[in-house]
Protein chains: 2
Amino acid sequence: MVGVKVDGRLERGEQTRRQILRRAAEIASVEGLEGLSIGRLATELEVSKSGVFAHFGSKEELQLATVRAAAKIFVDEVVTPALDVPPGRARLELLLEGWLSYSERRTFPGGCFFYAVQAEFDARHGRVRDAVAEYGRGWNTLVRETIEGVPDLAVDADQLAFELIAFLEMANAQSVLHDDPTAYTRARTAVRSTLDRAVQA
Amino acid sequence: MVGVKVDGRLERGEQTRRQILRRAAEIASVEGLEGLSIGRLATELEVSKSGVFAHFGSKEELQLATVRAAAKIFVDEVVTPALDVPPGRARLELLLEGWLSYSERRTFPGGCFFYAVQAEFDARHGRVRDAVAEYGRGWNTLVRETIEGVPDLAVDADQLAFELIAFLEMANAQSVLHDDPTAYTRARTAVRSTLDRAVQA
DNA sequence: AATTTGTACGAACGATCGTACAGTTAGTTT
DNA sequence: AAACTAACTGTACGATCGTTCGTACAAATT
């Protein structure tokens, strides 16, 4: 039964909502979640301002929904492919390379969505910051646990996760700011040598 | 002749300007250079909005002046102390530790000013982004040249600078976002082991 | 066929944004 | 003492912000 009875109105609403959130995530990766404005979003999508607003009820809810939508894209692009291979060094390398590729191919036009919004909200207060921080913790945890799944790797997993993630974010930052794709090469070099060193410990 | 004849009006103006820019840099490190508003700045400093505006003539000029003012603080806090010791490993370590301390002690309330504004402007266009990118290049160059001043360190200086700076920025990001001071410990560990490994190469 | 439900619209609100300009005040020059 | 100058103020502007509300219309339910 593929064709479940579906309300055409709800269907249309969800589609509009998806379009709004996709565009919102794109804008936010460049101009930040505060740079997002409901009016601009409406103009670019050629819908009414109140139409956009009605989907979320407040700007804060729009920002939260945008973060969730971006997280879904991130998971699809980076996390899920890595979880498709068994734990071990291959999974770890796929996870890291997946991140670099996700950033490098500009899944979001401003580079990694979460790099942008973490830096934007890190020193603020409120629900958006809390949500962003929570996703950051989730990413840290995933990397750490993936490291722990690698045998013959008797190092501090937290420390190694810190260093590896640092390389990824640095590559994103440098490549976007200076339009310099070699940053990804440097990150790959750093990841490989750090991993090699950790395995022979 | 210490008491050079000075125009008291210009003197007062410069002092006001300095107060504006100090506060502007503090705000921008938390809320970003776009989060800065002339009206808010005026309210907090208890001066008139037009008084603030008159000092710069446009918001973009205020942003540029804020970046320059923050750069001066950064140089005073991080760069100058390191240049006071002769080139070599001691200077490199002082430079890196100076940065970590500058971030850790919250010279700017939102952590490193340049981390915040780089992430904010990296994907934009215009004079502010160009200025921020230029200071970023200057910092990269300084770290690389300081590395090159260390004897018995036959590694790719660009690569090493990439990795070391990555650790610093990661510490800043993690500590601010998660209110976690142990990020600095991790960065110091990473810096030391990376440096030790580079020196025995 | 009548009624309810959900999406989207248009107009308007108070607040705040950056900016403009004429006027006030205080220190400098003549 | 008069003329001038620089910092600063007060008021006002058009634009845009997030938000509210009443309405229009299509789809689903009765």
Side-chain angles (χ1 to χ4, degrees), chain A residues 3-24 27-28 30-67 120-121 124-129, chain B residues 3-24 27-28 30-67 69 120-121 124-128:
Chain A
V4 191
K5 192 77 141 313
V6 89
D7 191 326
R9 299 169 299 182
L10 295 175
E11 169 90 357
R12 185 167 65 110
E14 277 229 2
Q15 193 175 333
T16 307
R17 188 187 161 95
R18 272 195 298 271
Q19 287 176 353
I20 294 172
L21 289 176
R22 176 151 46 92
R23 197 90 185 84
I27 294 177
V30 175
E31 321 238 13
L33 281 167
E34 291 292 345
L36 247 191
S37 94
I38 295 171
R40 174 181 171 188
L41 212 43
T43 304
E44 294 195 13
L45 293 170
E46 291 179 317
V47 295
S48 73
K49 203 171 127 181
S50 39
V52 174
F53 181 85
H55 273 277
F56 307 99
S58 74
K59 173 152 189 195
E60 190 181 41
E61 284 298 335
L62 167 64
Q63 291 174 327
L64 289 167
T66 303
V67 172
E120 184 182 8
F121 281 86
R124 303 193 188 196
H125 299 287
R127 298 204 294 152
V128 178
R129 176 221 145 106
Chain B
V4 191
K5 194 65 140 322
V6 91
D7 191 326
R9 297 170 299 182
L10 296 175
E11 170 89 359
R12 185 166 67 110
E14 277 229 2
Q15 194 175 332
T16 305
R17 188 187 161 95
R18 271 195 297 272
Q19 286 176 353
I20 294 172
L21 289 176
R22 176 152 46 90
R23 197 90 184 85
I27 294 176
V30 175
E31 321 238 12
L33 281 167
E34 292 292 347
L36 247 190
S37 93
I38 295 171
R40 175 182 170 186
L41 212 41
T43 304
E44 292 196 13
L45 293 170
E46 290 178 319
V47 295
S48 71
K49 199 171 132 183
S50 33
V52 174
F53 180 83
H55 273 279
F56 307 99
S58 74
K59 173 152 189 194
E60 190 180 43
E61 284 298 334
L62 167 65
Q63 291 174 325
L64 288 167
T66 302
V67 173
E120 184 182 7
F121 280 87
R124 302 192 190 199
H125 299 286
R127 297 203 296 151
V128 178

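Numbered from 1 within each chain, the chains take letters A, B, ... in sequence-line order. Keep in mind that what you see is a predicted model, and the values were worked out from it rather than measured.
- No contact: A:V52 has no heavy atom under 4.0 Å from any strand.
- Within the nucleic acid shown, B:R12 comes within 4.0 Å of sugar-phosphate atoms alone, with no base atom in reach, counting heavy atoms only.
- OP1 or OP2 of D:dC8 lies within a sub-4.0 Å distance of a side-chain N or O belonging to B:H55.
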Is there a side-chain contact (heavy atoms from CB on, under 4.5 Å) between A:T16 and A:V52 once you walk through the steps? CA-CA 9 Å; A:T16 307; A:V52 174; over 6 Å; no
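- Atom-to-atom, CD of B:E61 to P of C:dT19 comes out at 10 Å; the value is rounded to the nearest Å.
- When rounded to the nearest whole Å, the span between CZ of B:R9 and P of D:dA6 equals 6 Å.
- Between B:L62 atom CG and C:dC17 atom P the separation is 13 Å, expressed in whole Å.
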Could you give me the CA-CA distance, side-chain angles and deciding distance for A:K59 and A:E34, then say whether side-chain contact (heavy atoms from CB on, under 4.5 Å) is met? CA-CA 9 Å; A:K59 173 152 189 195; A:E34 291 292 345; 4.0 Å; yes
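- Dashed line: the shortest gap from a side-chain N or O of A:T16 to OP1 or OP2 of C:dT7 is not under 4.0 Å.
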Sugar-phosphate atoms are those with a prime plus P, OP1 and OP2; base atoms are the rest. Using that split, label each nucleotide of nucleotides 10-19 of chain D B, S or - for protein heavy atoms under 4.0 Å, 5' to 3'. B------BBB
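- Look at CD on B:Q15: it is 15 Å from C1' on D:dC8, rounded to the nearest Å.
- Contact annotation: the side chain of B:R18 never approaches that of B:R22 to less than 4.5 Å [non-hydrogen atoms, C-beta and beyond].
- Side chains of B:I20 and B:F56 form a contact here, defined as non-hydrogen atoms less than 4.5 Å apart.
- Spacing between atom CD of B:E14 and atom P of D:dA7 amounts to 9 Å, rounded to whole angstrom units.
- Put simply, the side chain of B:E120 never gets that close to the backbone of A:G32: no donor and acceptor are under 3.5 Å apart.
- At whole-Å resolution of the value, CG in B:L45 and P in D:dT9 are 11 Å apart.
- Residues A:R40 and A:I27 form a side-chain contact, since some pair of their non-hydrogen atoms from C-beta on lies under 4.5 Å apart.
- Atom CD of B:E61 sits in a crowded spot, with more than 12 heavy atoms from other residues, nucleotides or ligands closer than 6.0 Å.
- The distance from atom CG of B:D7 to atom C1' of D:dT5 is 8 Å, rounded to the nearest whole Å.
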